[in-house]
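Pasting a structure below so you can have a look.
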Amino acid sequence: MKAKTNISLKSYNTFGIDVCCSTFIEIKNPIELAKILRNNEDPFMVLGGGSNILLTDDYHGLIIKNSIKGFDVIEENSTHVWLKIGAGEVWHDVVMKAIENDWGGIENLSLIPGTMGAAPMQNIGAYGIEIKSIFHSLEALNVNTQKTRTFNSEECKFGYRESIFKHEAKGKYIITYVTLKLTKVNHSINIAYGAIKDTLIEREIDSPTIKDVSDAVISIRQSKLPDPREIGNAGSFFKNPTISKEDYDQLKSQFDNIPGYLVGTTQVKVPAGWLIEQCGWKGYVKGNIGVHKNQALVLVNYGGGKGSELKSLSEEIQQSVKNRFGIELSTEVNIV
């Protein structure tokens, strides 16, 4: 654990934004983290995989790189296994290890970028599954007292891409370990999303395994989303907005092809990508930044782009969607 000063964060964020921080420290266990917190008086920010953040300027403070590792079976019975995983583990690596052991429930979340610690904070989700469905508990260090607290699922207050750690607990706790509960037998395969079902049909798979589902998801994501190692991006930049059924029906009368998915009985979720594409943004390029040609939800840095430029672009997109559809888009990416 050695402090570095005035280093570039370009390789620590998937947008590849070249900004600097005053001090950078990588921690590999909770003891190191507690020591840093006790002795630090500067503003600080925790980085995991840097896959859900847009850095708009140099950071005048301490960056703590969370690299706590660990992948341990802490309990199991005939039907389930409980895994305690370090917050610094790469999320996709966790998924692949689970599938290698035929542990189910996590396969639909394949190839999502980021680390284990960020997964519950964001309540990551894809293709009909959110992490809350396999979540058991997590351990987090209190920033002020340096004491560890365990949060169960209810205490995390999970919502759509939301948790307590993005609201009332933001900046107060740092996640160190996460425990997941996965199935060992009788896996509940979820192929409700058409893209997965279509891919399995194309591959002539009638009775898919969790690996088949994972392979299908990986294929779909690779066909739609750019690889951050090739084009800087943070995946989906905006959340899919939820509006009232009444508002949706009114929009349907104006835009008969607007897609929507009923949430409960009174709310409808509208794909943000469709809204953005209808406003003409898909494939838009301005200098070194733009909107991906295959997925309007994804803002990209082609190289040399600035975070402030991407922030301005995101605001233009939000305004155009609001002007045309009366819907306000919220960002899924954290803008700093």
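Predicted model, so just to flag it, every value in this text is computed and none were measured. Hydrogens, waters and symmetry mates play no part in the numbers below; they use all other heavy atoms, side chains included.
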Aromatic plane relationship, F325 with F255 - under 30° parallel, 30 to 60° tilted, over 60° perpendicular:
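Plane angle between 30° and 60°, so tilted.
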Within the 3.5 Å criterion, strictly below it, is a donor on Q295 or K282 matched to an acceptor on the partner's side chain?
no
Lys/Arg-Asp/Glu bridge criterion (N-O < 4.0 Å) met for E32, K28
no
Check whether Y160 forms a cation-pi arrangement with K269 (NZ or CZ under 6.0 Å from the six-membered ring centre, at most 45° off the ring normal).
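K269 over Y160 ring: yes.
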Counting neighbours of CD on Q250 that are heavy atoms of other residues, nucleotides or ligands and sit closer than 6.0 Å, is the number greater than 12?
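Check fails, neighbour count at 12 or below.
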Would you say N52 and E332 are linked by a side-chain donor-acceptor pair, where the criterion is simply a distance under 3.5 Å?
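No, because no side-chain N or O of E332 sits under 3.5 Å from a partner of the opposite role on N52.
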Distance-only donor-acceptor check, side chains S320 and W281, under 3.5 Å
yes
Residue pair W91, L109: steps toward the side-chain contact (heavy atoms from CB on, under 4.5 Å) verdict:
CA-CA 9 Å; W91 171 257; L109 304 179; 3.7 Å; yes
Do H136 and N152 have side-chain N/O donor and acceptor atoms under 3.5 Å apart?
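No.
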Do Q267 and T242 meet the criterion of a side-chain donor-acceptor pair at a distance under 3.5 Å?
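No, no side-chain donor-acceptor pair sits under 3.5 Å.
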Could K252 and D256 be called an ion pair, given the rule that one side-chain N must be under 4.0 Å from one carboxylate O?
no
For the residue pair K170 and F165, would you count it as a cation-pi contact if the rule is NZ or CZ under 6.0 angstrom from the ring centre and within 45 degrees of the ring axis?
no
Could you please spell out the steps behind the side-chain contact (heavy atoms from CB on, under 4.5 Å) verdict for I68 and Y177?
CA-CA 8 Å; I68 298 173; Y177 292 97; 3.7 Å; yes
I'd like to know if L83 and L138 are part of one continuous hydrophobic network [Ile/Leu/Val/Met/Phe/Trp/Tyr, side-chain heavy atoms within less than 4.5 Å].
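L138 clusters together with L83.
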Assign the ring pair H80 / W82 to parallel, tilted or perpendicular, where the plane angle (0 to 90°) is split at 30° and 60°.
tilted
Walk me through it: do E139 and R149 pass the test salt bridge (Lys or Arg N to Asp or Glu O under 4.0 Å)?
CA-CA 6 Å; E139 294 177 15; R149 174 181 167 183; over 6 Å; no
If you count heavy atoms of other groups shown closer than 6.0 angstrom to CG of D42, is the number above 12?
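More than 12 heavy atoms, drawn from other residues, nucleotides or ligands, come within 6.0 Å of this atom.
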Aromatic rings Y12 and F24: how do their planes relate, parallel, tilted or perpendicular, breaks at 30° and 60°?
tilted
Between N123 and S163, is there a side-chain donor-acceptor contact under 3.5 Å, judged purely by atom types and distance?
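Judged by distance alone, the side chains do not pair up.
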Could you walk me through whether S330 and R161 pass side chain to side chain donor-acceptor pair (under 3.5 Å), step by step?
CA-CA 11 Å; S330 298; R161 304 297 177 268; over 6 Å; no
Are a donor atom and an acceptor atom from the side chains of Q146 and N142 found within less than 3.5 Å of each other?
no
Can D249 and K245 be counted as an ion pair, charged N to O under 4.0 angstrom?
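Answer for the salt bridge query: yes.
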